[in-house]
2 protein chains.
Amino acid sequence: MRSNDRFKRAYNRCLDALAALPPGAALDSEAALARDLGVSRTIVRAVLAALAEAGVVSADGRARTLVRAPTAADRFSATETESVRATIEKRFMEMVLQHDVRPGAQVNNLELARQFAVSPSAMREYLTELSQTGLLDRRRDGGWVFRGFDLDFARELFDIRELFELRSAALFADLPGDDPAWAQLDDIERRHHALIADIDHAYKAFSQIDAELHELVNAASRNRFVDKFQSLRSLIFHYHYLWTKDDEKERNLVALREHLVYIAALKSRNRPRIRAAALAHLRSARRSLYASIAKGAPG
Amino acid sequence: MRSNDRFKRAYNRCLDALAALPPGAALDSEAALARDLGVSRTIVRAVLAALAEAGVVSADGRARTLVRAPTAADRFSATETESVRATIEKRFMEMVLQHDVRPGAQVNNLELARQFAVSPSAMREYLTELSQTGLLDRRRDGGWVFRGFDLDFARELFDIRELFELRSAALFADLPGDDPAWAQLDDIERRHHALIADIDHAYKAFSQIDAELHELVNAASRNRFVDKFQSLRSLIFHYHYLWTKDDEKERNLVALREHLVYIAALKSRNRPRIRAAALAHLRSARRSLYASIAKGAPG
DNA sequence: AGATCGTCTAAAAAAGACAAAAGACAGACG
DNA sequence: CGTCTGTCTTTTGTCTTTTTTAGACGATCT
């Protein structure tokens, strides 16, 4: 059956909203709540019924009032509100990037589904989607072959990334002065400075801002294939950053400084300078990825 | 239920093989047949049982002999041997490339499944896979939006194609002289000459040889992302050639001649010459695609 | 009269069911 | 003793069923 994680997330968000109200306050209409929570009225009704059941709100007739302030115990836990899709992605990326599977290994849909505690259909759908990314291949007679997160994959990924990023950066420099992208670039630059200033505490935010910068630059290509590739890159790097801990802070600091040089180059609109800055950053990122793969895979 | 199109294709291939034998001849062992037909022994056994049922072979004990020469009536028809996947792909590409759906239109999984006479799951799996190609987008709340085979798509496709092909061609020129790719290139060149000589009858074969040439060149990149893109390109062009009939012969002849210039340039290993030939061919292919889209979509 | 609510319908997601296909293993045959 | 065959188990591809969600429409309340 379909999981009701949507309902659970809406329920938690509703508790958050109720925490700001005093006991005895009247709740908004169903339609208004649906708008605020970004779900259908059907879900809102289910949430309200559950809140009444839990004794958080009272529902006499059509007037609903807050009975008591919601507590942490009322909330659904993080594992419950996670969509099946997100669960699978996390588990799978963990498996892949931590080198728990050897390149060339056969992947068994049924076994993975059991291992991740999801239905075979959900697993199958995810594998189908991921087979477009080059991490997996579908065998002609059924079954899946894992191609692996190895040096070859990293090389192929970076070769394309270089091709796309250099093209996008050149196009970015040609954007008219009043294009909103310039303001977004300024904002990203400001946040880079803030992050560097507070690097001891905030270095975890690197993955996010890295994705934002490269997505902004690549958007200048106005090309859906570049966009798709970019989101694959973000996905892989997001999880890669998450689990590769050696020299994490230093590594991120180096990348942030390279970003600043790159941003300055973009703002100068000087083609050779942009190209040089982009290449310098890509080369250092490539080296760092190669090194972490060579270390992670002792085979 | 899973369809037995595999069994039916193996059955037809087996009939083809038997047609070469005289009545009374003994058949190979199951394992040998499985190897020859490229299927499992389970299927071979089903095929042999069906052949005995049809009276084509006799099965007394473990010795099997051919009773009579197979006829056309024994064969399964083309529609029966087509896999569900292939059916969907054909119908969908027909719909897309013939402009039966407007860009931005909502695509309904259930309705498509009914229309194509396949199950919603099979349809859904195909749409999931195709959404990686940029022809479709998945909406956050379920449902699909068709992005369309329009001028934007053609432009984005060709921009990437140009990027990849130029890179691949340059790498191709660096292949060592004893690389098998050169022999394959010679073979493709020979078949180009044969095709041009017999263009009045053979112009239908263009789609196939076009895909072969570009796949060979792009293989020099040794990059799975280039390969994936290349197979998407082949898929789209295959069906596009199939249905765009205006000036078909002339169009193909022009492309074949451009191919020959391109092949000669590759053999010269002269970088600027290769680049010029590739660009010339890509530009003319781009123009021809743009023109056919502008004509096909009167909106 | 206008907003709000209860109920119904349709569509999509997930799970479950089942046939087809692949592969393993032991016994039979030469 | 090696090869071939019969049977069984596992896994995949596809279809069907169940549940969840979105949205529409008329009834109800203020």
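Within every chain, numbering begins at 1; the chains are lettered A, B, ... in the order of the sequence lines, protein sequences first and strands thereafter. Since the structure is predicted, the reported quantities are computational estimates derived from the model, not experimental observations.
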Side-chain N or O of [X] less than 4.0 angstrom from OP1 or OP2 on [N]?
{"X": "B:Asn109", "N": "C:dA13", "answer": "no"}
{"X": "A:Asn4", "N": "C:dA13", "answer": "no"}
{"X": "A:Arg6", "N": "D:dT20", "answer": "no"}

- Note on the structure: Considering only heavy side-chain atoms of B:Arg124, the closest of D:dT21, D:dT5, C:dA13 is C:dA13
- Compare the minimum distances between each of D:dT16, D:dT5, D:dT11 and the side chain of B:Glu30, then state the nucleotide with the smallest one. D:dT5
- Query: In residues 36-45 of chain A, which residues come under 4.0 Å of DNA chain C by heavy atom?
  - Reply: A:Arg41, A:Arg45
What's [X] touching, base or sugar-phosphate or nothing? Going by heavy atoms closer than 4.0 Å.
{"X": "A:Arg64", "answer": "sugar-phosphate"}
{"X": "A:Arg85", "answer": "nothing"}
{"X": "A:Ser121", "answer": "base"}

- Query: What class does the angle between the rings of B:Tyr11 and B:Phe7 fall in, given that below 30° is parallel, 30 to 60° is tilted and above 60° is perpendicular?
  - Reply: tilted
Nucleotide [N], atom [atom2] - distance to [atom1] of [X] in whole Å:
{"X": "A:Glu125", "N": "C:dA13", "atom1": "CD", "atom2": "P", "answer": "7 Å"}
{"X": "A:Asn108", "N": "D:dT12", "atom1": "CG", "atom2": "C1'", "answer": "9 Å"}
{"X": "B:Glu82", "N": "D:dG13", "atom1": "CD", "atom2": "C1'", "answer": "16 Å"}
{"X": "A:Trp144", "N": "D:dT11", "atom1": "CH2", "atom2": "C1'", "answer": "13 Å"}
{"X": "A:Tyr126", "N": "C:dA14", "atom1": "OH", "atom2": "P", "answer": "14 Å"}
{"X": "B:Gln106", "N": "D:dG23", "atom1": "CD", "atom2": "C1'", "answer": "13 Å"}
{"X": "A:Leu33", "N": "C:dA3", "atom1": "CG", "atom2": "C1'", "answer": "15 Å"}

- Task: Assign each of B:Leu110 and B:Asp5 to its nearest nucleotide of DNA chain C by heavy atoms, then name whichever residue's nucleotide is nearer the 5' end.
- Result: B:Leu110
- Between B:Val107 and A:Asp28, which is nearer to the 5' end of DNA chain C once each is assigned its nearest nucleotide? A:Asp28
- Query: Does a donor on one side chain and an acceptor on the other come within less than 3.5 Å for A:Glu82 and A:Thr87?
  - Reply: yes
- Message: Can a side-chain donor-acceptor contact be found between B:Arg91 and B:Gln115 if the only test is distance below 3.5 angstrom?
- Response: no
- Query: Who are the ring-ring contact (aromatic ring centres under 6.0 Å, His included) partners of B:His240, not counting sequence neighbours?
  - Reply: B:Phe149
- Message: Go nucleotide by nucleotide along DNA chain D from the 5' end; which of A:Arg114 and B:Ser29 gets its closest nucleotide reached first?
- Response: B:Ser29
- Message: Which is more 5' along DNA chain D, the nucleotide nearest B:Ala122 or the one nearest B:Arg139? Just name the residue.
- Response: B:Ala122
- Task: Inspect the surroundings of CZ in A:Arg68 and state if more than 12 heavy atoms from other residues, nucleotides or ligands are less than 6.0 Å away.
- Result: yes
- Item | By side-chain hydrogen bond (donor to acceptor under 3.5 Å, both in side chains) - contacts of A:Ser131 (at least two apart) | none
- Minimum heavy-atom separation for B:Leu27 to B:Thr65, with atom names? CD1-C, 3.9 Å
- Note on the structure: In terms of heavy-atom contacts, A:Gln230 and A:His214 come closest through NE2-CB, 3.5 Å
